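Predicted model only: the values in this text are computed from it and were never measured. Chain letters run A, B, ... following the sequence lines, proteins first, then strands; residues in each count from 1.
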There are 2 protein chains.
Amino acid sequence: MPGIDEKDREILRILRKEGRITLTELGRRVNLSPASVKNRLEKLEKLGAIKGYSAVVDPAFLDKYVKVLFLLKLRVEGPDIDLILQKFAAYENVESIFRTSGRTQAVIIAEFEDMDGMKAFASRLRRALGNSLEYIEWSAIYDVLKECWVEAGKRGGRWT
Amino acid sequence: MPGIDEKDREILRILRKEGRITLTELGRRVNLSPASVKNRLEKLEKLGAIKGYSAVVDPAFLDKYVKVLFLLKLRVEGPDIDLILQKFAAYENVESIFRTSGRTQAVIIAEFEDMDGMKAFASRLRRALGNSLEYIEWSAIYDVLKECWVEAGKRGGRWT
DNA sequence: GCTGAAATTCTGGAGTG
DNA sequence: CACTCCAGAATTTCAGC
């Protein structure tokens with residue numbers, strides 16, 4: 001990666017685990033002034049190294065009691081599939097969407113209030129993808145040991 | 001959820017998409033003083049509603065060019081499996097670990113510098129789980145449309 | 001990338017309904 | 001009890017070097 005040095009990488013590694021750390025503390029860790037850290041952060045965001053920042057939230061507190069992993073087996077490839085999936089990425093229920101190799105070609109992680117919400121979402125998925133979709137495999141996620149680089153027990157340790 | 005009102009939920013929803021938003025701006029959005037928002041945040045962290053904060057980083061900038069989804073088919077259930085998986089949750093390469101229902105019983109998302117790193121990790125996984133593991137299915141993640149509530153094309157940064 | 005000063009934000013305690 | 005207000009502390013921000 002051009003224009004990226006070890007201090008940038010260290011900043012990225014720290015920020016992944018402590019997203020709300022202050023520039024001052026970050027500078028202390030990597031031996032840089034807060035202003036320099038800020039300059040580097042702006043550079044990293046501009047370059048796309050940092051896509052955004054997020055809080056890791058227990059969905060139950062948002063009344064989302066069903067967390068689901070969908071595996072999508074798609075029939076054909078094409079740019080239209082990515083466009084359809086991008087629409088679903090905008091949904092409030094969707095946490096993550098990946099394109100993958102292997103037996104299935106797309107993964108969606110999403111959260112719902114109940115099974116009805118999940119079924120409605122799956123229906124929309126089937127309708128939107130139409131003939132491109134061969135089948136959906138889904139699993140309920142009933143325990144989260146780590147998510148977005150944040151370990152379960154490391155903070156509020158509630159469901160351990 | 002007891003002791004959680006609509007303003008708490010709104011705070012959680014905003015924080016998921018803008019993890020580095022200031023207390024002042026957050027207070028502006030939900031019509032509360034910064035001090036009140038701070039009190040609520042401390043409550044939410046204490047309750048375990050917020051597990052932590054994270055930056056969504058493009059792994060290529062950390063020289064991790066291989067992102068992988070592992071699906072683990074396990075033979076038996078037991079507390080030892082969760083203990084083993086917890087050890088793997090501490091690995092620097094591991095982004096997320098879920099326990100699921102369905103054909104496979106655990107999901108691991110991880111990043112590696114190359115295929116050798118991936119293979120070494122899979123070996124360790126097999127060795128650690130031993131007889132409990134029936135097989136591993138893995139897929140390369142070659143595109144990320146959304147991750148941790150941050151959409152690919154969007155700037156989910158501080159102000160948005 | 002640093003400094004230094006100004007603007008902004010954060011923080012804890014006192015006060016109010 | 002949760003909220004606001006307020007003052008001091010810390011952080012962020014931006015200019016200039």
Side-chain angles (χ1 to χ4, degrees), chain A residues 1-58 60-63 148-150 154-156 158, chain B residues 1-58 61-63 148-150 154-160:
Chain A
M1 277 292 147
I4 300 292
D5 63 12
E6 188 49 36
K7 280 191 178 172
D8 288 319
R9 284 189 285 271
E10 191 56 24
I11 287 171
L12 293 176
R13 279 189 284 262
I14 293 170
L15 231 27
R16 265 190 170 173
K17 291 179 171 290
E18 297 167 64
R20 272 182 84 83
I21 192 174
T22 64
L23 301 181
T24 308
E25 172 62 18
L26 204 40
R28 212 169 281 142
R29 302 257 190 104
V30 299
N31 286 317
L32 281 169
S33 70
S36 292
V37 175
K38 183 183 188 293
N39 287 336
R40 280 168 182 265
L41 269 193
E42 281 168 0
K43 177 188 73 178
L44 291 168
E45 287 170 5
K46 181 88 73 182
L47 284 173
I50 299 174
K51 304 290 185 188
Y53 304 90
S54 180
V56 180
V57 170
D58 181 345
F61 286 82
L62 291 169
D63 296 324
C148 304
W149 308 96
V150 175
K154 284 287 170 76
R155 216 173 245 276
R158 209 178 59 88
Chain B
M1 277 291 147
I4 301 291
D5 63 13
E6 188 49 35
K7 278 187 180 173
D8 289 320
R9 284 189 286 271
E10 191 56 24
I11 287 170
L12 293 176
R13 279 189 284 262
I14 292 171
L15 231 27
R16 265 189 169 174
K17 292 178 170 289
E18 298 167 61
R20 270 183 87 83
I21 191 174
T22 64
L23 301 183
T24 308
E25 172 61 17
L26 203 41
R28 215 167 280 144
R29 303 258 190 103
V30 300
N31 287 317
L32 281 170
S33 71
S36 289
V37 175
K38 182 182 188 291
N39 285 336
R40 280 167 182 265
L41 268 192
E42 281 167 0
K43 178 189 72 178
L44 291 168
E45 288 170 4
K46 181 89 72 183
L47 284 173
I50 298 174
K51 304 290 184 189
Y53 303 90
S54 180
V56 180
V57 170
D58 180 346
F61 285 82
L62 291 168
D63 295 324
C148 304
W149 308 96
V150 175
K154 299 230 173 146
R155 182 156 283 259
R158 184 143 181 180
W159 303 109
T160 312

Work out which heavy atom in [X] is nearest to a heavy atom in [Y]; give both atom names and the distance.
| X | Y | value |
| --- | --- | --- |
| A:R9 | B:L62 | O-CD2, 3.5 Å |
| B:G3 | B:D8 | O-OD2, 3.8 Å |
| A:Y53 | A:G19 | CD2-O, 4.2 Å |
| B:S54 | A:R16 | OG-O, 2.8 Å |

Original post:
With sequence neighbours excluded, what pairs up with A:E10 under the side chain to side chain donor-acceptor pair (under 3.5 Å) test?
Top reply: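 Applying side chain to side chain donor-acceptor pair (under 3.5 Å) to A:E10 gives A:R13.
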**OP:** Would you jot down, in residue-number order, the residues of residues 24-40 of chain A having a non-hydrogen atom under 4.0 Å from DNA chain C?
**Re:**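 Contacting residues: A:L32, A:S33, A:A35, A:S36, A:R40.
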In whole angstrom, what separates [X]'s [atom1] from [N]'s [atom2]?
| X | N | atom1 | atom2 | value |
| --- | --- | --- | --- | --- |
| B:R20 | D:dT11 | CZ | P | 12 Å |
| B:K43 | D:dC1 | NZ | C1' | 11 Å |
| A:I21 | C:dC10 | CD1 | P | 15 Å |
| A:E42 | C:dG1 | CD | C1' | 14 Å |
| A:L23 | C:dC2 | CG | C1' | 15 Å |

Subject >> Inter-residue atom distance B:D58.CG - A:K51.NZ, 0.5 Å rounding >> reply: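 Result: 5.0 Å between the selected atoms.
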Original post:
What is the distance from atom CD1 of B:I21 to atom CZ of B:R28, rounded to the nearest 0.5 Å?
Top reply: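 Separation between the atoms: 9.0 Å.
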Original post:
Does the distance from a Lys or Arg side-chain N to an Asp or Glu carboxylate O, for B:K46 and B:E42, drop under 4.0 Å?
Top reply: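 Salt bridge absent between B:K46 and B:E42.
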Original post:
Bend angle of the helix from C:dG1-D:dC17 to C:dG17-D:dC1 from five-pair axes at both ends, rounded to 10°?
Top reply: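 Here the helix ends are tilted 30° relative to one another.
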